Every structure is written in structure tokens, then in C-alpha cells.
Amino acid sequence: MPIKYIPYSKNPVQGQAILNTISRSVRLLSYKDNDKVHDRILRGIPYYELIELESVGEASQNLVIRGECLSACAYLKEQAIKVDLVYIDPPFASGADYAKKVYIRKNPKLAQKLKEAEEALDFSEVAAFEEKMYGDIWNKEDYLNWMYENLIAIKEVMSETASIYVHLDWHIGHYVKILMDEIFGEENFVNEIIWAYTGPTNQKNNFPRKHDNILFYQRHNIKIFNGDEIRVRFKKSTKSGGKTALSGKASDEILEVLDAKGKIPEDWWGDIADLGKIHSEDIGYATQKPEALLERIIKASSNEGMVVCDFFGGSGVTAKVAHSLGRKFIHCDIGINSIQTARDRLVEVGANFRMLEVQDGINLFRNPTQTMDKLSTLIDGLNTRRPEGINEFWFGVITDSKHGTMPVYVPELKDSTQKVLDTVTINAIINGELHKFDTYAGEIKKVIVYYVDIEDEKEIKMFIQKNNTTMIEVELRDLKQVLDFVVIDDSVEFSLNEKGILFEVEIRSFYSDKLKQKINEFNAKKVLSANTSFIEISKEGLELIEYISLDCTHNEGIWQSDSEIKIDKNGFVSINGQKTKEFWNGKVSSNTRPKRLKVRNIAGDETIVMIEEEK
Ligand SMILES: C[S@@+](CC[C@H](N)C(=O)[O-])C[C@H]1O[C@@H](n2cnc3c(N)ncnc32)[C@H](O)[C@@H]1O
């Protein structure tokens, strides 16, 4: 349950996402689920408990929040934290299913030998498999309703002088423009920026789609716009003997002066290359945006010391650039991979920040996409093939001799609006779905309804009792308990040695059941496709480790990383955020006696073990 609901400051703006009575002269946009969004907005932004996982560096107002955009907004509003600039690059409704490449690292023992022999490594043979990061598959109506809620919550935490940039593309950008007009007001629209790039394409029957749209609005019309900070040189045309596109009849001398000052870039940006062309920045996060893009936005629309926030932070590019430009930052994302990538990226540039996690039950298993994939194998007896007559509302069925076929409802975790089991959903089940079973050939005696969060269990049960006119029993079950079973920690064997003034932890072996299963699945697919490039893991398993940290300060609670190493996909190690050209030697050391050890495997699962005091 949320701790409470934080009311929106005034009645939500009237718009097509709430009202289906608004008709446009040309086209009526109607949204399914209208009442639900309306009800949710009237109820307020659900505010869940947040726990602090880690504190990096000195006390700081910078935040890295693992959780949904909405939850982060509730927290910020509750804490009266205002943001001065928002950049968001939300999932695009592009139909893509983003995957993370998981790279097996070099076995330190082998890596050392290779180094000694000064043999060149063939980096192209780094073994890898994929893991789903987040799904991006929506229908337009659901997407816009979801976006609407997010945008009005974001508006709640924007300072009076704040600006917002929403990065989208042709898939949904023009629909979101209409939402933005309603939420922020047409009068607060500043620009639609076209970010254009080039690159290979296989589009043959149209003009290749090579631009994104960035919608720029201000909260009110007292905006900050530092045009002078972002000036660029005029593009010289060689044909006109060095004259500029703006030349008109100006003399060369005037043009020289003009050019020295540069110009504010137009609202189309063709001078910022996309990630495909800047390999040095690429940290392997699908959809990562270039730093130069964020640099222009942050310089233009914020001043030093202001708070820059990205609620769909991904690789952490906004936070990183904000930090390097002397701004405060808030990075929020729902996926563990984003949080870890951003954390490590920020440690590398020496940023101080606190890491918080929203306790809303949505982050059950790395991220909602992976949790959904996993669920079908975790619910005992569940069959996701539904018999005829049982529609797609149901996730699957469980069959047993006592109850026969029991349809099972599981909320779609990728759609945060299904997170709370409320009377609206239960009403839809008992007064809608249960009656549809009339077309089913067999008899349904019972349905099972899973929830991640429930409005008020007692009240919902009473509601069912009062309103269920069918003979079908409705059983409520907590989804979190299903997942509690399966999250088995990885196991690590290590020894602690004192070497002069240093404490050295040597990892002897590492075992991850989750990764073992993944790799087995991967190898099994290779067998089927007669492909022989299997992934083999050594007896010690050290190639499954991505990151190790020692906490020499606390025995429990908030993690403080007093010493850490990170191994990149080529086996090179970064020590306390400093990149080296050394292979990892299987060790990590600290100046004081470590109390706890944290190991992150290559898929992002973290395991913490205590380091015993010497007797
Ligand atoms: C397009 S990516 C952002 C990429 C980022 N701009 C960068 O340059 O790395 C969208 C991100 O939104 C995150 N996401 C999806 N749904 C979310 C939600 N409801 N709240 C917060 N983050 C979410 C995904 O995990 C993903 O990292």
C-alpha cells in the first residue's frame, strides 16, 4: 500500500486524456480507460516508502532513484524538492524490446597468463548473451494515458522557472505534443527541436526516418534561456568563398565578427552525432543519447547549482553532464541495469549522491519485463495456454482435480497503472469478466487474482462478497510471495589477508544459480541451431563478476563503498572509478578492515556478505 496519496495542487487540467466528451473539429481522440485515469488523478500520486541503499561520497542533494517516474515525483513533492530542468526520453512506443548484452569477463587467472605472455586478445570473441531490459510495446491509448499521468506528476515538482524537454520521435511525438499543450498550456510551448542524424538504413520505400523530436516547454513564461552559452559557429559554404548562410549582403568583415560570436542554433540540430558515431561514449546501454545533446539542453535551460532531473534516466547521461556542468542532478529509472550503469558512470566522474529505492513492489525482479517473463514459470501449475472461451484478460489457467480449471489474473507489471488492485479492477472482474465464462464449455468454480499492491484488502474482500452475483469464488494472492522464493543469492568464497597496511580480499570462487540457468538456456538454444559457440564457465566462476565493493564503515544499513573495482567487458579493471589497462587479478583491497563485501554479477544481481572479524 502507498503510505498515502499526495494530492495534485489543483484540479487537473481538462483534457482529452480525461474527458471523452471533448471533440476536436477534425478528429475525436478518444482514450480507453478514461475513468480509471481520471480516478487515479483525483486520488493523487501514490507515495511509497523509499529506502536509502547507498551513499556515494560526501553528503549530497544529488539523487539516483530506482523506481517509477510517478513514485519519484511523489517523493520529491513530499520532500518539497523542486527541479529546475527536466529532460525525459521515455520509452517510445516503438514496439522494440530492448535487451542488454551480458558479457562474460576474462577469467583473472587466464588473463594474468595472457598478460605475462603479452599475447594480444581477440576482443571480438568476448562471449555474450542477452537479457531483456524493458519492454516498449504499448497501444497508443494506453501509452498516452500513462504519459499523461507522468507529465502532470512531473509538472507538480517543477519550479516556477523550470523548463521541460520531452524527447520522442515519429511514433508518438505528435500525440504527446497535444498532451503537452493541455498540461503545460499552448502559451508555454517554446520549441519543437528536430535532432537530425545520419546513418545506415534499410528503409527503401520512404525517406529514411533519421530525426527525433524534442518538445521544449516552460512552466511559466519566466524561462531561463542562456542563448550565449550555446552559440555555435556559422556553417561556411565553400562555394560562396567563405560567406555564411546568413550572409545576405553583409561585408566579409561583419561576417567575421558575427562568426566569432557565433549564433544560437536553430531549432533543428544537425551538428550532434548519434551514439553510433561516438564510440568513446558508448557504454552499451540501448537507447543511450550523446552527451553533446544534453550539454546543449542543460546549458541553455539551467544555471549552475540548479537541479536537473531525468525521470527516465537510462544510461545516466543527463546526470553525468549535469554534474560536469556544476548542476545538481536527480536520476530516476525503473530498471536495475540503468541504476547500476548510472551509478558507476557517476562514480567515474567523482560525483557525490544518494541512492534510493522505491518500495512499491514493481521492481520485483531486476525489471518488470523480466519479472513478467519469469512469472509464468514461477506460479505453481500455471499454464499460459488458455482453453477456448477464456480470454486474454487472464494470464493463464491452473487446473486441479478439486477446482477444475481456474483462470489466473496477473497484473501487467510493465503497465504501472495496473499496479494497485483497486475496486475499479475488481469490479471489472466480477461484473464483467466472470460473466463471460458462460461461453466456456466447462464449469469455472474459482478464479485466482494476483496483486502486487492492494488498495485495502479487507474492503476489497467485502466488495467481492457483496457484489459477486456469480457462483465463482475469487481468491486473492500476493504476487510478491511467489517471487520471494526464487531470488536465491549468489555465493562467493573469499579470504581476507593483511598485506602491510593493506587489507586484501581475494575472491576464490563465485557461483550464481540464476546465471547458470541463463547460460544453460543459451547453450541449449545453440545445440538446437547446431551452433558450437557455447559459453563455458570455469570452475572458479570469476568471469561472472562485474563489480566488487568493500564497505569498511557499516556492518548493516546504507552501503558505503570504501573501495571498489569494476571489470569492463574486455576484462580491464577500474579501481575506485579510475580506468586502468590492467586485467583484474581476482582481488580488491582497502586501507581499513572491511566489514562487508558486495559482489555484482554480470547480469546485475548483487549479493552482500559479512566479513567476519578476526577472533
Ligand atoms: C529511452 S530509455 C532512456 C535513455 C536515456 N535517455 C539515455 O540516454 O541513456 C528509457 C528508460 O526509461 C526507463 N523506464 C521505463 N518505464 C519507466 C517508468 N515508468 N519510470 C521510470 N523509468 C522508466 C527504462 O528502464 C529506460 O531506461
Side-chain angles (χ1 to χ4, degrees), residues 45-46 48 63-76 86-100 131-138 142-143 145-151 153-154 165-169 171-173 176 195 212 214 272 274-276 278 281-295 297-298 308-322 329-346 356-358 360 362-363 366-372 412-419 604:
I45 326 172
Y48 291 90
L63 297 174
V64 170
I65 303 176
R66 181 175 181 207
E68 278 192 276
C69 167
L70 270 190
S71 308
C73 290
Y75 171 75
L76 298 181
V86 177
Y87 164 84
I88 54 167
D89 171 21
F92 269 15
S94 62
D97 214 358
Y98 297 106
K100 175 196 177 182
E131 273 220 322
K132 274 192 197 157
M133 280 217 293
Y134 64 90
D136 196 4
I137 299 163
W138 306 70
D142 287 347
Y143 184 89
N145 276 324
W146 172 80
M147 204 55 212
Y148 185 78
E149 243 180 303
N150 281 305
L151 285 170
I154 290 174
Y165 289 71
V166 180
H167 189 143
L168 297 157
D169 70 6
H171 290 93
I172 200 84
V176 174
W195 174 41
D212 290 358
I214 305 174
I272 297 179
D274 73 331
L275 247 281
I278 353 177
E281 261 182 48
D282 191 349
I283 50 173
Y285 196 92
T287 72
Q288 180 187 345
K289 301 295 176 294
E291 290 180 17
L293 186 79
L294 272 302
E295 196 176 308
I297 292 172
I298 294 172
V308 178
C309 183
D310 189 337
F311 290 99
F312 299 84
S315 67
V317 61
T318 310
K320 181 190 169 182
V321 176
F329 61 80
I330 298 173
H331 168 101
C332 161
D333 200 285
I334 201 170
I336 188 73
N337 181 239
S338 154
I339 297 303
Q340 290 169 345
T341 307
R343 179 214 173 271
D344 297 347
R345 205 170 178 188
L346 291 165
L356 309 176
E357 188 176 75
V358 178
D360 63 354
I362 263 280
N363 293 320
R366 287 195 208 137
N367 64 39
T369 308
Q370 285 188 33
T371 310
M372 282 315 282
E412 169 53 78
L413 299 175
K414 282 176 273 181
D415 176 358
S416 55
T417 59
Q418 294 190 19
K419 190 167 61 186

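Sequential numbering from 1 along the given sequence is applied to the chain's residues. Remember, it's 1-based here, ligands and their atoms both numbered in the order they're listed. For clarity, every value in this text was computed on a predicted model and none was experimentally measured.
- Checking only distances, Y87 never comes within under 3.5 Å of ligand 1, N or O to N or O.
- Residue contact check: W146 has heavy atoms under 4.0 Å from atoms 19 (N) of ligand 1.
- Residue nearest to atom 7 (C) of ligand 1, selected from G335, C73, S315, P91: S315 (by heavy-atom distance).
- Contact analysis leaves A72 out of contact with ligand 1, as no non-hydrogen atom separation drops below 4.0 angstrom.
- Pairing each heavy atom of I278 with each of P290, the nearest pair is CD1-CB, 3.6 Å.
- Here F311 has backbone heavy atoms under 4.0 Å from ligand 1, and that is the only part of it that gets that close.
- Geometrically, ligand 1 and C69 share a nitrogen or oxygen pair separated by less than 3.5 Å.
- Here the two rings, on W146 and F312, have centers that are under 6.0 Å apart.
- Taking every heavy atom of Q288 and a limit of under 4.0 angstrom, the matching atoms of ligand 1 come to 7 (C), 8 (O), 9 (O).
- Considering backbone and side-chain atoms together, S338 places no N or O closer than 3.5 Å to any N or O of ligand 1.
- Of the heavy atoms in V317, only side-chain atoms (C-beta onward) come closer than 4.0 Å to ligand 1.
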| said: Does D89 form a salt bridge (Lys or Arg N to Asp or Glu O under 4.0 Å) with K289? I'd like the steps, not just the answer. | reply: CA-CA 9 Å; D89 171 21; K289 301 295 176 294; 2.9 Å; yes
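- Between I45 atom CD1 and E68 atom CD the span is 12.0 Å, to the nearest 0.5 Å.
- When all heavy atoms of S71 and D360 are compared, the pair lying nearest together is OG-OD2, 3.6 Å.
- Taking a cut-off of under 4.0 Å to the non-hydrogen atoms of K289, the atoms of ligand 1 that pass are 6 (N), 7 (C), 8 (O).
- For the pair Y143 (side chain) and P91 (backbone), a donor-acceptor distance under 3.5 Å is present.
- Annotation for ligand 1: atoms under 4.0 Å from non-hydrogen atoms of G67 are 21 (C).
- Within the 3.5 Å criterion, the main-chain N or O of I214 finds no donor-acceptor partner in the side chain of W195.
- Residues that satisfy the salt bridge (Lys or Arg N to Asp or Glu O under 4.0 Å) test with E291, not counting sequence neighbours, are K320, R345.
- Residue D333 places at least one N or O, backbone or side chain, under 3.5 Å from an N or O of ligand 1.
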